[in-house]
Amino acid sequence: MRIRGIGGFLMFSLPKEQEQLVPIKESKNYNGIDLVKFLCAIMVFIIHIPPFQGEVSGLAKYINFGLQHFVCRVAVPFYFVSSGFFLFKKTPHNKLDKRIVTSYCFKILRLLGTWHVLLFIGGTRQLWYLGATVIAVILLSLCFHFHIRLGHIYVIACALYVVGLLGDSYYGIIAPLENFRIINLIFKGYTLAFSTTRNGVFMGFIFVLMGATFSDCMIRLKKRTILIGLVVSVLFLFAEVFLLKFNDIPVEYNMYLFLLPATFFLFSFAVSIELKDRPIYKQLRNIGMIVYFSHLLVNEVTALTLSVVEKYCCIAVTQYQFVFSLLFTLMLAIFTEWLSRRNRFKWINWLVS
């Protein structure tokens with residue numbers, strides 16, 4: 001079976017008994033994606049707020065590390081793939097619709113500016129994703145505009161991702177090169193320009209490209225194939241994280257090699273889930289967005305409140321900061337989403353879409 005990529009650039013053969021060509025330009029709800037995106041919002045919460053607070057050791061320390069630097073690291077890549085998928089699903093085959101892309105970028109920038117204002121007293125670290133998405137979308141749109149073959153775009157995206165790895169989880173490999181004057185100047189120049197490789201150029205680009213490829217002509221694998229691929233890639237991802245940590249190589253834990261196949265199979269799984277249309281899935285999508293945007297601010301308020309309670313009431317509650325923060329964030333998100341469905345508060349939807 002021949003599979004056609006965006007603009008007709010990607011052509012390759014696949015076994016008929018395993019894959020089928022599925023056109024996905026038709027309008028439909030992807031409830032599985034909404035469900036996984038909600039879970040990803042909880043994962044982002046865990047990345048920023050560890051389950052066990054304070055100075056921890058033993059099992060608690062390993063649980064924090066495993067959740068924050070292994071299990072939950074698929075969340076942001078999944079967001080990137082979803083963004084590429086839903087954006088380029090709106091564009092016609094073999095043609096880049098600049099109006100749709102421009103409108104999308106301005107919408108993301110509006111969200112970025114709005115939430116920066118709402119969170120001005122604290123809790124804006126998570127907003128980097130919005131700017132990174134805009135940059136990745138612009139880069140990919142430029143590639144399509146200049147009719148670069150999809151295979152060549154993937155080569156560029158992979159090369160940028162490798163650079164991102166060397167500035168992140170694989171930094172220890174190139175760290176010794178800083179002793180060379182010219183290399184040191186390059187490092188300083190790069191740091192001044194980007195500060196981190198966790199951005200739209202080195203991280204977001206390849207995942208948005210992955211989503212765009214899904215949107216044009218998606219390969220639907222058998223569920224068994226997806227599950228096997230997901231399990232295998234997650235196992236390799238675990239081994240990769242363990243080896244990197246054991247050898248003290250990372251400077252950060254945002255990007256891994258096996259994050260690519262893990263995200264690919266997770267997105268394939270989300271699309272393959274057949275769920276009947278129900279309002280709950282759209283509600284979960286909006287609740288997840290509010291959790292993503294508000295969790296750091298809620299955590300700061302929760303931490304302050306618990307410290308006051310512990311100080312003046314002599315009740316040890318700060319150790320439950322994670323539980324209270326998650327509970328309060330979910331309560332705020334659910335209540336806000338409920339309000340957004342009331343006629344007088346329809347404007348709240350402007351904050352999440």
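When only modelled atom types and interatomic distance are considered, Y104 and T91 share no side-chain donor-acceptor pair under 3.5 Å. Counted by atom type alone, T213 and Y154 present one or more donor-acceptor pairs between their side chains at under 3.5 Å.
Under the 30°/60° scheme for interplanar angles, the aromatic rings of Y79 and Y129 are found to be tilted. Taking the six-membered ring where the residue is Trp, F267 and F214 present tilted rings, their angle falling between 30° and 60°. Between W115 and F293, the two ring planes are parallel [angle under 30°; tilted spans 30° to 60°].
In Y253, the OH atom is crowded: over 12 heavy atoms of neighbouring residues, nucleotides or ligands sit closer than 6.0 Å. With a 6.0 Å radius and a threshold of 12 heavy atoms from other residues, nucleotides or ligands, K61 has its NZ atom at or below the threshold. With a 6.0 Å radius and a threshold of 12 heavy atoms from other residues, nucleotides or ligands, K346 has its NZ atom above the threshold.
Annotation: F242 is not in aromatic contact with F70 [ring centroid separation under 6.0 Å not met]. Annotation: F258 is not in aromatic contact with F238 [ring centroid separation under 6.0 Å not met].
A donor-acceptor contact shorter than 3.5 Å is absent between the side chain of H116 and the backbone of L112.
The cationic atom of R342 (NZ for Lys, CZ for Arg) lies less than 6.0 Å from the six-membered ring centre of W338 and within 45° of the ring axis.
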